**Q** 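Okay, handing you the structure first.
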There are 2 protein chains.
Amino acid sequence: MAKRRSETKEENRGKLIAAARKAFAEKGYSAASMDELTAEAGLTRGALYHNFGDKRGLLAAVVEQIDTEMAARAQQIGARRGNDWLGLLAEGAAYIEMALDPEVQRIVLLDGPAVLGDPSKWPSQNSCLQVTKRAVDGLIAQGIVKPLDAEAVARLLSGAALNAALWVAASENAHDVLPKAVEAFRSLATGLLAEPL
Amino acid sequence: MAKRRSETKEENRGKLIAAARKAFAEKGYSAASMDELTAEAGLTRGALYHNFGDKRGLLAAVVEQIDTEMAARAQQIGARRGNDWLGLLAEGAAYIEMALDPEVQRIVLLDGPAVLGDPSKWPSQNSCLQVTKRAVDGLIAQGIVKPLDAEAVARLLSGAALNAALWVAASENAHDVLPKAVEAFRSLATGLLAEPL
DNA sequence: AATTTGACATACGGCCCGTATGCGGATATT
DNA sequence: AATATCCGCATACGGGCCGTATGTCAAATT
């Protein structure tokens, strides 16, 4: 066989991240054991430490991967809708739905901030925030949205969306409350409009 | 001296909670050592385990104490302003400011949700949510706010406020961005009004 | 006064993480 | 092509922390 070394290294990195995603999502960050994690990936803690430095580094890598996937989805939706007002609303709703994924919740919304600190300091830069910020910036430039601080608006919107998702996910009947959350989000967002509809 | 037993027990409970507040706020939940914690309170882990069951129990008690304090402040502000629209806005701004306290951030906003799970399942019931929900309920009944699901609105508002607070706190110049956050919050909230101002 | 209760201390064991060291194959050198 | 080097990963070790079981002494009960 004789594979290239850099090749197998990337493979193993991928295996570790995949195993970590599963373990972190199921057990939570602190309860996830590095030994079990690496064993499930067919490796040992040596590989993990060599690739990611420490447990936090592994979490950061996992978060970055998930975040990248979320950003891709958001971009798709934004592109399909166009960069207008309805696009922003659709994006917000999309984030609420994405956050229903237990993996996203546990890793990105709960353990991520607690272990890694403020999202703005993450390697991945928190795509949700960035994408929203860009959209808001555009809408302000067009005069559709009030001339507020774009980052402030993005922070509030994303915070609202993510909190709504946590609520929906914790509810018994998620499919019943999801529309309520989305509706409330849409109402809230209309407060940003420069002129009432 | 010969104090009553129940008396000293409450005293020690208080000492432990106080020490835990400091340790959790400074080092974070997972990095805080129970041994150091209890030693600083002049006790041992035996007392801690006897009173709170385990480390999570101690965190829950700390969160409850802080949460109660926050609820008291919010009630004050609400009562002073009256249960009207401006009262709700003032309350939201108050929560943003309260969340600037590093203790509140680290313990209630970061470690709390990660360790204890969804706030709605906390013993303290998360005062921020409850107070906001009650205020929104009243405004809906008066026809001031659109007939949305009160809990959904409360979730979104509190999520927005708390996320804004995290942003402000992480900023270099907090006193510069705080007004931006509050202004954005006010704009967002106007989206809830049944009729434009 | 004897007994029971309860609050807390002490002792023990296991798990987990981070570091230091060792090893074998891929890569570079001449 | 043979040797030397490097690198990715495994293994071994040590310390810390948490949860449980057990012990102890003062307060409460009778």
Side-chain angles (χ1 to χ4, degrees), chain A residues 1-63 107 111-112 114-117, chain B residues 1-63 107 111-112 114-117:
Chain A
M1 300 299 270
K3 290 186 180 177
R4 290 182 183 267
R5 230 179 354 190
S6 60
E7 206 172 319
T8 67
K9 174 165 179 161
E10 281 306 312
E11 274 184 28
N12 288 337
R13 260 186 71 97
K15 286 182 187 173
L16 288 174
I17 291 180
R21 270 181 80 148
K22 206 192 306 179
F24 288 162
E26 289 174 358
K27 307 184 175 182
Y29 173 77
S30 69
S33 162
M34 312 265 283
D35 283 315
E36 294 181 11
L37 236 175
T38 51
E40 189 151 351
L43 297 166
T44 68
R45 289 214 330 279
L48 191 154
Y49 196 78
H50 187 70
N51 276 295
F52 302 99
D54 60 354
K55 198 178 181 183
R56 286 185 54 184
L58 179 59
L59 176 62
V62 171
V63 167
I107 300 177
D111 288 331
V115 176
L116 302 176
Chain B
M1 300 298 274
K3 288 186 182 178
R4 292 185 173 233
R5 239 189 341 202
S6 59
E7 204 172 320
T8 67
K9 174 166 179 162
E10 282 305 312
E11 275 184 27
N12 288 338
R13 260 186 71 97
K15 286 182 187 173
L16 288 174
I17 292 180
R21 271 181 80 149
K22 206 192 305 181
F24 289 162
E26 290 174 357
K27 306 183 176 182
Y29 173 77
S30 70
S33 163
M34 312 264 281
D35 283 315
E36 293 181 11
L37 236 177
T38 51
E40 189 151 352
L43 298 166
T44 68
R45 289 215 328 280
L48 192 154
Y49 196 79
H50 186 70
N51 276 295
F52 302 99
D54 60 354
K55 198 178 181 182
R56 286 185 54 185
L58 179 59
L59 177 62
V62 170
V63 167
I107 300 177
D111 289 331
V115 175
L116 303 175

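Here is how names work: the chains are called A, B, and so on, in the same order as the sequence lines, proteins then strands, and each is numbered from 1. In this text the structure is predicted, and so the values were computed from the model without any measurement.
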**Q** Got Leu48(A) and Leu43(A) here, is their nearest side-chain heavy-atom distance under 4.5 Å?
**A**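 Side chain of Leu48(A) against side chain of Leu43(A), heavy atoms only: no contact under 4.5 Å found.
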
**Q** Kindly point out which of dA10(D), dG19(D), dC8(C) is positioned nearest to the side chain of Lys9(B)?
**A**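 Nearest listed nucleotide: dC8(C).
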
**Q** In this structure, how many angstroms lie between the P atom of dC17(C) and the CG atom of Leu58(A), rounded?
**A**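 Answer to the nearest Å: 11 Å.
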
**Q** State which of dC9(D), dA9(C), dG18(C) makes the closest approach to the side chain of Ala47(A).
**A**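 Closest nucleotide to the Ala47(A) side chain: dC9(D).
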
**Q** Could you state the atom-to-atom distance from CZ of Arg45(B) to P of dC12(C) in whole Å?
**A**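 Spelled out: CZ on Arg45(B) to P on dC12(C) is 14 Å.
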
**Q** Would you indicate whether the side-chain heavy atoms of Asn12(B) and Lys15(B) approach each other to under 4.5 Å?
**A**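 Yes; the side chains approach each other to less than 4.5 Å.
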
**Q** What is the distance from NZ of Lys27(A) to C1' of dC15(C), rounded to the nearest Å?
**A**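 These atoms are roughly 13 Å apart.
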
**Q** How many whole angstroms separate atom NZ of Lys55(B) from atom P of dG16(D)?
**A**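 Computing the Lys55(B):NZ to dG16(D):P distance gives 15 Å.
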
**Q** Please determine, for the side chain of Glu36(B), which listed nucleotide (dC17(D), dA10(D), dA9(C)) has the closest atom?
**A**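 Selected nucleotide (nearest to the side chain): dC17(D).
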
**Q** Could you tell me the separation between the CG atom of Leu48(B) and the P atom of dC17(D), rounded to a whole number of Å?
**A**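 Rounded to the whole Å, the gap is 14 Å.
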
**Q** Which part of the nucleic acid, if any, lies within reach of Ala31(B) when heavy atoms closer than 4.0 Å are counted: base, sugar-phosphate only, or nothing?
**A**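 Contact class for Ala31(B): none.
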
**Q** Given atom CD of Glu11(B) and atom P of dG6(C), what is their separation to the nearest angstrom?
**A**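 In whole Å, dG6(C) P and Glu11(B) CD are 20 Å from each other.
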
**Q** Using the side-chain heavy atoms of Met34(A), tell me which of these nucleotides is nearest: dC17(C), dC18(D), dT11(D).
**A**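 The nucleotide sitting nearest to the side chain is dC17(C).
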
**Q** When you get a sec, tell me which of dG8(D), dC8(C), dC16(C) is the closest nucleotide to the side chain of Asn12(B)?
**A**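 Within the option list, the nearest is dC8(C).
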
**Q** Nearest whole Å is fine: how far is dC9(D) C1' from Leu16(A) CG?
**A**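 Those two atoms, CG and C1', are 11 Å apart.
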
**Q** Separation of Asn51(B) atom CG from dA9(C) atom C1', in whole Å?
**A**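 One finds 13 Å between C1' of dA9(C) and CG of Asn51(B), rounded.
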
**Q** Side chains of Ile107(A) and Val63(A), heavy atoms from C-beta outward: is any pair under 4.5 Å?
**A**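 Yes, at least one pair of side-chain atoms sits under 4.5 Å.
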
**Q** Taking the side chain as every heavy atom from C-beta outward, state whether Leu59(A) and Phe52(A) have any pair of such atoms under 4.5 Å apart.
**A**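 Of all side-chain heavy-atom pairs linking Phe52(A) with Leu59(A), none is under 4.5 Å.
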
**Q** Is a side-chain N or O of Lys27(A) found less than 3.5 angstrom from the main chain of Ser33(A), in a donor-acceptor match?
**A**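 Between the backbone of Ser33(A) and the side chain of Lys27(A) there is no qualifying donor-acceptor contact (under 3.5 Å).
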
**Q** Check every atom of dC18(D), dA9(C), dA7(C) against the side chain of Ser33(B) and return the nucleotide holding the closest atom.
**A**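 Among dC18(D), dA9(C), dA7(C), the one nearest the side chain of Ser33(B) is dC18(D).
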
**Q** Between dC9(D), dG19(D), dA10(D), which nucleotide has the shortest distance from any of its atoms to the side chain of His50(A)?
**A**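 My answer, after comparing the listed nucleotides, is dC9(D).
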
